[in-house]
A.B. asks: 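Below is the structure I would like to discuss, written out as structure tokens.
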Amino acid sequence: MPELPEVETTVRGLERVLHGRRIARVEARRPDLRRALPHDLGQRLTGARVAGLRRRAKYGLIDTDRGDTLVFHLGMSGRWRIDPTELEKHDHLLIETDEGRRLALNDPRRFGSLDLVRTVTLENWPPFAALGPEPLDITAAELKRRLAGRSAPIKLLLLDQRIVAGLGNIYVCEALFRARIHPKRAGGSIGTERLKRLVEAVHAVLAEAIAAGGSTLRDFAAPDGELGYFSKKFLVYDRDGEPCACGGVVKRFVQGGRSTFYCPRCQH
DNA sequence: AGATATTCCTGGAGGC
DNA sequence: TGCCTCCAGGAATATC
């Protein structure tokens, strides 16, 4: 499933196709993903030049020279297909550039979203207004401040996009394992040293995943390529019952309705 | 306010 | 083999 590193990789891949190009044609193949698309989406995008691509949390942003930003979230199953030979089921949006290249946003489960937002209003756009800092930028001091007084389990607090914006289930599990912090620990009770370890772990696990995605991207030249996924081996995620390097066994339990994976021997 | 539950959606896995 | 149920997940929304 696409998390921050996959979105970052996707944005970099789309940049190669889109940067500086003019959008020649747009086809919305269904009127909604998570939300309804603006009725004038095609009109506003067609003929616009792509001014730049960015990522915010797990959102990808495509800025145009007309003051609009196309904001996509890949949800559970979203991916961009580059120069597809033919359209598939679940290709919800098609973009064609002035060079004749094609991009298809494919999302079978439709947990993703697609919005066209005025660029200058992005910060106040409701999905963005309450977002916390980027996990790659956050410092231990900032995280400590944001966790202060919170009694909820650290696992759930790290998934809360208002505290830190961009972490998903996989990388929260992996970062807590690396920092040797138990996922049930009350967020506000974690000491400064351990928070430093946690922030370092968050930075490291994301940086490694982005680097792995980057290497995938380097080789990417397929005419019917897909962007958004790369293989990565995890130390605890989806490894219930498998051995940990310490000799213990990875366990799974449910927190806030979703799976947490951890090593009871390493994490306290 | 903070914590918790529910909803959305579909493909894939597993059971019988 | 086919049909069934269950499960995965992020974010918005509702409820306590």
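Predicted model, so just to flag it, every value in this text is computed and none were measured. Every chain is numbered from 1 and lettered A, B, ... according to where its sequence line falls, protein lines coming before strand lines.
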A.B. asks: Should Arg252(A) be listed as having a side-chain N or O under 4.0 Å from OP1 or OP2 of dA8(C)?
C.D. replies: yes

A.B. asks: Touch check for Arg30(A), heavy atoms < 4.0 angstrom, all strands: base, sugar-phosphate only, or nothing?
C.D. replies: nothing

A.B. asks: Looking at residues at least two apart in the chain, or sitting in another chain, which of them share a salt bridge (Lys or Arg N to Asp or Glu O under 4.0 Å) with Arg258(A)?
C.D. replies: none

A.B. asks: Donor-acceptor pairs under 3.5 Å, side chain of residues 149-160 of chain A to any protein atom, not counting sequence neighbours: which ones?
C.D. replies:
unit_1    : atom_1 : unit_2    : atom_2 : d
Lys155(A) : NZ     : Asn169(A) : OD1    : 2.8
Lys155(A) : NZ     : Ser259(A) : O      : 3.3
Lys155(A) : NZ     : Thr260(A) : OG1    : 2.7
Asp160(A) : OD1    : Arg162(A) : N      : 2.9
Asp160(A) : OD1    : Arg162(A) : NE     : 3.1
Asp160(A) : OD2    : Arg162(A) : NH2    : 3.0

A.B. asks: Enumerate the ring-ring contact (aromatic ring centres under 6.0 Å, His included) contacts for residues 97-126 of chain A, please, sequence neighbours excluded, ordered by first and then second residue.
C.D. replies: Trp125(A)-Phe128(A)

A.B. asks: Taking side chain to side chain contact (heavy atoms under 4.5 Å, CB included) as the definition, give me every residue that meets it alongside His203(A), ordered by chain and number, with sequence neighbours left out.
C.D. replies: Ile138(A), Val199(A)

A.B. asks: Step by step, would you call Leu53(A) with Arg12(A) a side-chain contact (heavy atoms from CB on, under 4.5 Å)?
C.D. replies: CA-CA 8 Å; Leu53(A) 286 95; Arg12(A) 292 178 189 181; over 6 Å; no

A.B. asks: List the residues meeting ring-ring contact (aromatic ring centres under 6.0 Å, His included) with His182(A), not counting sequence neighbours, and say none if there are none.
C.D. replies: Tyr262(A)

A.B. asks: Whole angstroms only, please: what is the CZ-P distance between Arg109(A) and dA13(B)?
C.D. replies: 11 Å

A.B. asks: Which residues satisfy the side chain to side chain donor-acceptor pair (under 3.5 Å) test with Asp68(A), sequence neighbours excluded?
C.D. replies: Arg44(A), Arg118(A)

A.B. asks: Counting primed atoms plus P, OP1 and OP2 as sugar-phosphate and everything else as base, spell out the protein contacts along nucleotides 10-16 of chain C at 4.0 Å heavy-atom distance: B, S or - for each nucleotide, 5' to 3'.
C.D. replies: BBS----

A.B. asks: With heavy atoms under 4.0 Å as the rule, sort Ser259(A) into base, sugar-phosphate or nothing.
C.D. replies: sugar-phosphate

A.B. asks: Who else is in the cluster with Leu87(A) when I, L, V, M, F, W and Y are joined by side-chain contacts under 4.5 Å?
C.D. replies: Leu94(A)

A.B. asks: Tell me every residue that passes salt bridge (Lys or Arg N to Asp or Glu O under 4.0 Å) with Arg239(A), counting only those two or more places apart in sequence or in another chain.
C.D. replies: Glu242(A)

A.B. asks: Answer with base, sugar-phosphate or nothing: what part of the nucleic acid does Phe128(A) contact at a heavy-atom distance below 4.0 Å?
C.D. replies: nothing

A.B. asks: Measuring only between side-chain heavy atoms, which start at C-beta, is Arg21(A) closer than 4.5 Å to Glu99(A)?
C.D. replies: yes

A.B. asks: Report the end-to-end axis angle of the helix from dG2(B)-dC16(C) to dC16(B)-dG2(C); each axis comes from five terminal pairs, and the value is rounded to 10°.
C.D. replies: 50°

A.B. asks: Would you say dG11(B) has OP1 or OP2 under 4.0 Å from some side-chain N or O of His90(A)?
C.D. replies: yes

A.B. asks: Can you check the Lys184(A) NZ to dT4(B) P distance for me, whole Å?
C.D. replies: 12 Å

A.B. asks: What is the distance, to the nearest angstrom, from the CZ atom on Arg110(A) to the P atom on dT7(B)?
C.D. replies: 18 Å

A.B. asks: Can you tell me how far C1' of dA8(C) sits from CG of Asp238(A), to the nearest Å?
C.D. replies: 10 Å

A.B. asks: Whole angstrom is fine here: how far is it from CG in Leu157(A) over to P in dA1(B)?
C.D. replies: 16 Å

A.B. asks: Report yes if a side-chain nitrogen or oxygen of Lys89(A) is closer than 4.0 Å to either non-bridging phosphate oxygen (OP1 or OP2) of dT10(B); otherwise report no.
C.D. replies: no

A.B. asks: Keeping the roles fixed (side chain from Thr139(A), backbone from Glu142(A)), state whether a donor-acceptor pair exists under 3.5 Å.
C.D. replies: yes

A.B. asks: Rounding to an integer number of Å, can you tell me how far Phe261(A) CZ sits from dG9(C) P?
C.D. replies: 7 Å

A.B. asks: In residues 145-156 of chain A, which ones come under 4.0 Å of DNA chain B, going by heavy atoms?
C.D. replies: Arg150(A), Ser151(A), Ala152(A)

A.B. asks: For His73(A), which residues count as a ring-ring contact (aromatic ring centres under 6.0 Å, His included) partner, sequence neighbours excluded?
C.D. replies: Tyr59(A)

A.B. asks: Rounded to whole angstrom units, what separation is found between the OH atom of Tyr171(A) and the C1' atom of dG9(C)?
C.D. replies: 14 Å

